[in-house]
There are 2 protein chains.
Amino acid sequence: MLSTQQQNFRTARADSRLVPQISVDTELLAGYSQTAGAQFTYRAEEEIYGEAEPAEFVYKVVSGAVRSYKLLADGRRQIGAFHLPGDLFGLEASDTHQLTAEAVVETKVVLLKRRSLEVLAAQDVQVAYKLWTAAAENLRCAEQRMLLLGRKTALERVASFLVEMDDRCGAKGMIDLPMSRRDVADYLGLTLETVSRAISQMRSTGMLRLANARHVELNRGKLLNAMDA
Amino acid sequence: MLSTQQQNFRTARADSRLVPQISVDTELLAGYSQTAGAQFTYRAEEEIYGEAEPAEFVYKVVSGAVRSYKLLADGRRQIGAFHLPGDLFGLEASDTHQLTAEAVVETKVVLLKRRSLEVLAAQDVQVAYKLWTAAAENLRCAEQRMLLLGRKTALERVASFLVEMDDRCGAKGMIDLPMSRRDVADYLGLTLETVSRAISQMRSTGMLRLANARHVELNRGKLLNAMDA
DNA sequence: CGACGGATTGATCGTGCTCAAATCATGTGG
DNA sequence: CCACATGATTTGAGCACGATCAATCCGTCG
């Protein structure tokens with residue numbers, strides 16, 4: 001089911017303003033190791049939790065990739081975030097999850113009981129403070145995405161996405177996308193055909209090259225011009 | 001310059017899942033009263049702070065309305081949130097603001113030094129915890145808006161907006177919009193003409209009535225059907 | 001090799017945007 | 001009080017970007 005390229009998507013996270021899930025790891029995982037350090041592996045396409053389910057755990061991606069999304073009644077889907085190795089997700093303040101989370105490819109995560117995290121936060125100001133900055137960082141990414149979804153053209157959206165992924169992955173200019181064109185489309189508020197056409201157009205204008213559909217080599221200079229803020 | 005209807009927009013906040021800025025008031029303002037309780041009034045259209053400016057203060061709306069937005073280089077604007085009486089805004093974890101904030105109409109705010117809030121949070125777990133839930137609540141609203149911006153039709157967006165405003169205002173089913181059609185459009189990722197047409201269509205199908213352009217009476221039942229999730 | 005799912009490309013359609021004009025509301029000065 | 005100016009809103013006409021429907025193309029795996 002899994003291509004090797006998909007399985008190999010586990011590069012180190014680079015520092016970036018665009019990274020949606022934050023690395024509060026230090027403090028959080030100090031407490032984390034005391035409480036519940038279960039590692040778990042989800043198969044590709046497997047659901048991790050559903051929207052409106054009780055938020056029992058917080059997750060940290062070890063390897064693989066996760067998509068968090070919302071659905072409308074008729075099946076329209078908006079992916080709110082992709083979670084890559086190093087990212088935390090499922091960290092709600094409310095007691096139920098706000099989005100559904102699924103493994104995009106085979107994905108290893110470590111689990112932390114939300115309850116114990118809250119206890120920790122109630123005792124340790126450092127942890128509580130980190131929870132705040134984590135949420136605030138996610139909020140900043142969401143604000144950036146609102147600008148993209150509300151006001152950018154298809155080409156700008158795809159360019160922004162590729163640059164974001166490049167920033168979040170290891171080798172600069174070389175991206176192994178773990179997700180399908182449909183996932184990208186649902187992340188950017190487009191259709192998969194429009195995403196494909198945008199990528200083809202970028203290829204023809206030398207903004208990028210494709211080793212295959214999932215492996216992209218960026219010409220960041222040209223791409224950033226097409227991107228706007 | 002200001003219509004009386006605009007000045008009168010200061011209804012009490014109702015409890016709602018859609019409210020973007022949260023009421024952490026209790027704890028925060030306990031600390032707040034110790035530190036800096038300056039009240040300030042901004043004229044309509046006046047800038048409160050600019051994107052990328054140092055985030056020196058946190059604000060709480062007393063009366064009026066505030067818009068927070070981002071711009072692209074060519075002037076396209078995405079309003080990330082409207083802040084109504086009772087809402088906090090400008091509460092960043094980073095040391096610079098991520099959006100520009102402007103008074104929509106004449107607006108009274110109370111100011112709190114961000115620095116003193118951080119000091120407070122470092123001492124008091126309750127405050128730090130409240131900061132987290134505040135940011136997380138904002139994040140939840142942002143996730144909801146991403147679904148709207150990425151996947152809803154014009155009609156659904158306007159319907160969702162009106163219901164949101166209704167939930168956030170006092171008298172149910174009666175809304176006094178403080179903002180122009182252009183502001184609404186930039187909040188919903190549409191043009192002002194499309195917003196106007198959507199409202200006209202809703203009027204003709206009995207979903208709402210207009211006393212004037214800014215005063216809307218909703219038929220929530222019919223409206224909610226047109227809205228989807 | 002053939003089958004399958006994902007991606008690309010093509011042709012056409014439609015929602016929402018653009019450009020433009022008419023209408024309405026509010027405020028000003030005669 | 002009314003005529004007029006101004007700005008916001010509504011409405012109209014035509015267009016364009018991205019969606020939809022459909023046909024290959026390609027890579028992977030049986």
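Keep in mind the model is a prediction, meaning the values are calculated, not measured. We use all heavy atoms of the structure for the numbers below, so side chains are in, but hydrogens, waters and symmetry mates are not. Each chain gets a letter, A, B and so on, in the order its sequence line appears, and its residues count up from 1.
Nucleotide dG18(D) holds its C1' atom 13 Å from the CG atom of Leu188(A), rounded to whole Å. Atoms CG (Asn212(A)) and P (dT28(D)) sit 7 Å apart, rounded to a whole Å. Atom CZ in Arg157(B) sits roughly 11 Å away from atom C1' in dT15(C) (whole-Å rounding). Atom-to-atom, NZ of Lys152(B) to P of dA19(D) comes out at 18 Å; the value is rounded to the nearest Å. Look at CG on Leu190(B): it is 11 Å from P on dT18(C), rounded to the nearest Å. Going from atom CZ of Arg182(B) over to atom C1' of dC17(C) covers 12 Å, rounded to whole Å. Atom CG of Asp74(B) and atom C1' of dC17(C) are 14 Å apart (whole Å). One can place CZ of Arg151(B) at 11 Å from C1' of dG18(D), the figure rounded to the nearest angstrom.
Here Arg140(B) pairs with Glu137(B) in a salt bridge; the nearest charged N to carboxylate O distance falls below 4.0 Å.
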Report task. Give the B/S/- string for nucleotides 8-14 of chain C, one per nucleotide from 5' to 3', where a protein heavy atom under 4.0 Å of the base yields B, of only the sugar-phosphate yields S, and otherwise -. Result -> BBBB---
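Remark: Arg209(B) engages Glu217(B) in a salt bridge (Lys or Arg N to Asp or Glu O under 4.0 Å) (not counting sequence neighbours). Remark: Arg181(B) pairs with no residue by the side chain to side chain donor-acceptor pair (under 3.5 Å) rule, at least two apart or across chains. Residues satisfying the side chain to side chain donor-acceptor pair (under 3.5 Å) test with Glu45(B), not counting sequence neighbours, are Arg67(B). Residues that satisfy the ring-ring contact (aromatic ring centres under 6.0 Å, His included) test with Tyr49(B), not counting sequence neighbours, are Tyr59(B), His97(B).
Sorted by first and then second residue, the ring pair (Phe, Tyr, Trp, His ring centres under 6.0 Å) pairs with a member in residues 146-168 of chain B read Phe161(B)-Tyr187(B); sequence neighbours excluded.
For the OP1/OP2 pair of dA25(C) and a distance below 4.0 Å, the side-chain nitrogens and oxygens of Arg214(B) include no atom meeting the criterion.
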